Amino acid sequence: MMAKNYWITEEPIDPGDCIEKVVRNEAGAVNTFIGTVREFTKGKRTLFLEYQAYVPMAEKKLAQIGNEIKEKWGNAHVAIVHRIGRLEITDIAVAIAVSTPHRADAFDASRYAIERIKEIVPIWKKEHWEDGTKWIGDQQENTSYDTRIPSEEEMRDD
Amino acid sequence: MMAKNYWITEEPIDPGDCIEKVVRNEAGAVNTFIGTVREFTKGKRTLFLEYQAYVPMAEKKLAQIGNEIKEKWGNAHVAIVHRIGRLEITDIAVAIAVSTPHRADAFDASRYAIERIKEIVPIWKKEHWEDGTKWIGDQQENTSYDTRIPSEEEMRDD
Amino acid sequence: MISVLFFAELQETSGRDKVTVEADGVSVNELKSRLASTYELPHLGHAMIAVNEEYSQEDTVVNSGDVVAFIPPVSGG
Amino acid sequence: MISVLFFAELQETSGRDKVTVEADGVSVNELKSRLASTYELPHLGHAMIAVNEEYSQEDTVVNSGDVVAFIPPVSGG
């Protein structure tokens with residue numbers, strides 16, 4: 001288990017590592033969000049995913065999210081881990097744990113964390129399908145960069 | 001690990017047991033809520049808690065909550081475990097895991113589950129403080145049944 | 001014979017977790033009154049009632065063989 | 001000398017994860033224009049820029065020794 005609360009790993013994630021870091025006497029609630037690799041997105045089958053990160057900056061940005069949460073919700077402890085490399089269907093890509101004295105804050109802060117990860121943390125996902133691959137370009141998965149031949153529509157979307 | 005998705009246990013809870021039961025190909029999100037024993041409630045120090053359940057009915061009611069979630073959110077898998085007996089500070093009393101294709105539903109359904117547990121599941125908590133004990137009478141912790149001499153105020157609260 | 005279960009502070013106050021009552025075809029409400037006086041349970045009125053592990057109304061009729069549980073306000077989670 | 005990092009599709013398109021540029025006291029915007037033509041990176045304009053691991057503006061001036069990273073729209077989580 002890593003000594004730090006915000007880290008990038010190439011190993012399978014055990015959400016328990018995040019949970020253990022935030023459980024404490026003053027907390028009555030821990031909310032954990034886990035993002036897993038889904039097989040189908042909009043009817044298209046994913047074979048596997050590949051994640052890449054700008055590791056030192058990604059860890060800094062995860063820590064920044066933790067600090068934002070502490071500013072917004074006060075008495076919160078946070079731990080976040082994101083995996084990179086090749087991930088198979090159902091593998092855990094990200095795990096977030098937030099502990100707070102009362103449960104409403106734990107839910108809200110955990111939700112905030114995943115939304116912020118998708119906005120500011122330099123991590124990228126490459127979809128591998130049966131008929132090709134694509135680096136996904138934003139969290140809505142509307143924009144993307146085709147690594148083969150971009151269609152005119154895709155180029156307009158950029 | 002238990003074969004069922006809704007169970008009462010006297011053993012320490014591993015949230016991973018719930019998470020494993022709900023991870024699946026169609027899910028991209030798992031939300032886990034963990035309730036732990038908090039040391040201080042409204043400035044009063046808890047030494048430890050004692051939980052009691054009407055076990056067969058409690059397991060049925062947990063399963064009912066899972067069914068309510070499936071009706072409300074559609075494609076959701078749910079697992080819930082609640083511990084009984086003596087629990088020390090920071091011990092996990094309850095763990096809920098909900099998996100859904102997309103994250104908003106996982107958060108909402110997990111929140112729903114903990115609120116419903118506090119409404120309908122026959123489980124009771126007895127606070128042990130330095131100066132006495134009390135079976136807590138409702139989820140707001142406003143009403144309670146003093147096992148020694150109830151104050152006039154407490155009796156009016158009933 | 002009806003089995004009656006007490007939990008939490010009802011169990012402590014009555015000193016019993018289970019009692020049996022010789023009755024058949026009585027309403028839950030009648031049963032409650034009888035038990036409240038027998039075991040001096042002033043808080044019994046605040047308890048919900050489960051018959052055979054499902055929440056029931058006060059006018060539900062219980063028969064021999066049924067299990068009636070008095071459920072004080074719950075505080076799990 | 002400025003170190004420049006490429007990620008995701010920028011890395012694949014350029015065929016490089018890191019390049020060095022002999023420059024000092026140039027704006028991030030100038031650097032971007034130079035790299036876009038050198039490595040044929042039509043999507044470089046969509047990338048955010050980090051200087052020494054912090055997001056920066058296009059008019060930020062970078063000096064020898066700085067690390068400039070081009071950050072395509074992120075897709076973690």
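Each chain gets a letter, A, B and so on, in the order the sequences are listed, and its residues count up from 1. Worth saying up front: this structure is predicted, and the values here are computed from it rather than measured.
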Side chain / backbone / both / neither for B/Ser110 at chain A, heavy atoms under 4.5 Å
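Contact with chain A: backbone and side chain both.
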Would you say that A/Phe107 contacts B/Asn31 through its side chain, given a criterion of any heavy-atom pair below 4.5 Å between the two side chains?
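Result yes, sub-4.5 Å side-chain heavy-atom pair found.
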Does any part of the side chain of A/Ile114, heavy atoms only, come nearer than 4.5 Å to the side chain of B/Arg103, both counted from C-beta?
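Sidechains of A/Ile114 and B/Arg103: in contact.
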Given a strict heavy-atom distance threshold of 4.5 Å, which part of B/Ala104 is in contact with chain A: side chain, backbone, both, or neither?
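For B/Ala104, heavy atoms of backbone and side chain both lie under 4.5 Å from chain A.
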Quick one: which of B/Asp14, B/Val94, B/Thr90 has the most heavy-atom pairs under 4.5 Å with chain A, could you say?
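Maximum pair count with chain A is reached by B/Thr90.
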Region of A/Arg24 that comes under 4.5 Å of a non-hydrogen atom in chain B
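The answer is the backbone of A/Arg24.
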What I'd like to find out is whether the side chain of B/Pro15 reaches to under 4.5 Å of the side chain of A/Ile19, using heavy atoms alone.
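They are in contact (side-chain heavy atoms under 4.5 Å apart), so the answer is yes.
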Which atom names give the shortest non-hydrogen contact between B/Thr36 and A/Ala29, and what distance separates them?
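What the structure gives for the nearest pair is OG1-N, 4.0 Å.
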Could you tell me whether the side chain of A/Arg38 and the main chain of B/Asn25 form a donor-acceptor pair under 3.5 Å?
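The answer is no, because no donor-acceptor pair under 3.5 Å joins these two groups.
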If you count the non-hydrogen atoms of other residues, nucleotides and ligands that lie under 6.0 Å from CD in B/Glu10, is the total more than 12?
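Result for CD/B/Glu10: open.
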